[in-house]
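Notes to accompany the following structure.
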Amino acid sequence: MVQDIVDKFKQFYRQEPIVVRSPGRVNLIGEHTDYNEGFVLPAAVNKEIYFAIAPNGTNTMRAHAFDLEETAEFDLNNVQRSEIGWANYLLGVVAQLQKANYDVKGFDVVFGGNVPIGAGMSSSAAVECGLAYGLNYLFAFNIEKFTLVKMAQKAEHEYALVMCGIMDQFASMFGKHNHVVKLDCRSLEYEYFPFDLADYRIVLCDTQVKHSLASSAYNTRRQECETGVALLQKHYPEVHSLRDATLEMLQAHQAEFDPVVYNRCTYVVEENLRVEQACQDLANGDMVAFGQKMYASHHGLQHQYEVSCKELDFLVDEAKKSQEVLGGRMMGGGFGGCTINLVKLAGIGTFTAQMTEAYKAQFNIDLKTYVAQIENGTSLVPIDFSKK
Ligand code: GLA
């Protein structure tokens, strides 16, 4: 795949590119906590977007989306949102660099990869982080990685119009081979935990549905959390986000809450506690306890936060029936995409066969499953041009 992208680049633009790879992500636990200044536990995986990229001596970005076979050109003196969906992820990054006064010169780029789109594995963050990393390298801006992460997140806000938290871009950029990373989304401190690959694998089950609610419901959930914070603040001025809230605070004022907002807030507070306990489980090597937290997380996402859907619930219920699984839950924003499952290595074949059969019988859809390998975050790919 990398070679095809490089070949396409040379065919189109007649020069040698640098190559960047930028991964999608999984999240073990800690869902809808990032924009509440809480904790998440993601990892970068072996589903990746590759970029071939080089300066072109003009003031134009010439871009080719390899998988869509579409090409477009943009004047860098006048960067704005485009009608072309995929181009916004690139333009959004350029706009952030320009806002911070970096002089982005013209460049050529071909990009493509195998992060499934709409599966909740953050293909958009992979694109944003890959381009940010590539331009930083190409034009020697010397921007530190965390700043690139924030620029990529802002690109998503302003050009893709999704008010996402920081998890996806962080995970894509800061992933580490065979480790999950616990991020404190308030302080931005992070800690890597080795993931036990001797006995277990992360298996994703892709529902292949994406319900149209997804982005509007995402923004509504954010507002409901803010409503909850405003209410708590009247009693506890020290509460600035749900990160500061406790279950006791919520319970003491339950009567003042709209029941829906109460459930949303309770979920977030409980999910933050679960991430901390799950990290303790990892440190203790107790994967059984870890798996139980994943199921509990799904229960909250289904009943309290209400971002699941019947396909996801079905897959989690089926996983619970399987001897091969320690835990599972929906992953990412919700309303479709994948479930993430912690599966015994020896049982992967049985598990995927069971799930595929059950899903087909229930929804008449062919389930896609991926065994995720945990990889490093966004990086340069050494290319040996002497071979060509
Ligand atoms: C999407 C967002 C993330 C995060 C998750 C839910 O993936 O991009 O910032 O909020 O949903 O945990």
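When a ligand or atom number is given, it counts from 1 through the structure's own listing order.
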* Structure fact -> When every non-hydrogen atom of F335 is compared with those of C309, the smallest separation belongs to C-SG, 3.9 Å
* Can you name the nearest heavy-atom pair linking N56 to T60, along with the distance? -> ND2-O, 3.1 Å
Do ligand 1 and [X] have nitrogen or oxygen atoms that lie under 3.5 Å from each other?
X	value
Y218	yes
N27	no
S122	no

* Could you tell me if the ring centre of Y190 sits under 6.0 Å from that of Y192? =>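 Yes.
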* To do: To the nearest 0.5 Å, tell me how far C205 SG sits from F314 CZ.
  =>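 Separation between the atoms: 11.0 Å.
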* Output the distance between atom CZ (R21) and atom CE (M1), rounded to the nearest 0.5 Å. =>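 Here the rounded value is 10.0 Å.
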Within the 4.0 Å heavy-atom shell around [X], which atoms of ligand 1 are there?
X	value
C164	2 (C), 8 (O), 9 (O)
D34	3 (C), 4 (C), 9 (O), 10 (O)
M167	4 (C), 5 (C), 12 (O)
G332	6 (C), 11 (O)
G165	9 (O)
Y35	10 (O)

* To do: Only one of I348, L345, T350, L342 passes side-chain contact (heavy atoms from CB on, under 4.5 Å) with E324; say which it is.
  => T350
* **Identity of the nearest option to atom 12 (O) of ligand 1, non-hydrogen atoms only, from H32, M121, M331** =>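 Ranked by closest heavy atom to atom 12 (O) of ligand 1, first place is H32.
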* Answer yes or no: is there a donor N or O on one side and an acceptor on the other, between the side chain of N114 and the main chain of E48, under 3.5 Å? =>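 Checked: pair present.
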* Has the side chain of E37 got a donor or acceptor atom that lies under 3.5 Å from a matching backbone atom of C185? ->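 No, the answer is negative, given that no donor and acceptor are paired below the 3.5 Å cut-off.
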* Asked: Quick one: does R25 get within less than 4.0 Å of ligand 1, heavy atoms only?
  ->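 Flag set, R25 near ligand 1.
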* Would you mind checking which non-hydrogen protein atom is closest to atom 1 (C) of ligand 1, with the distance to 0.1 Å? =>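 The closest one turns out to be D168 OD2, 3.7 Å.
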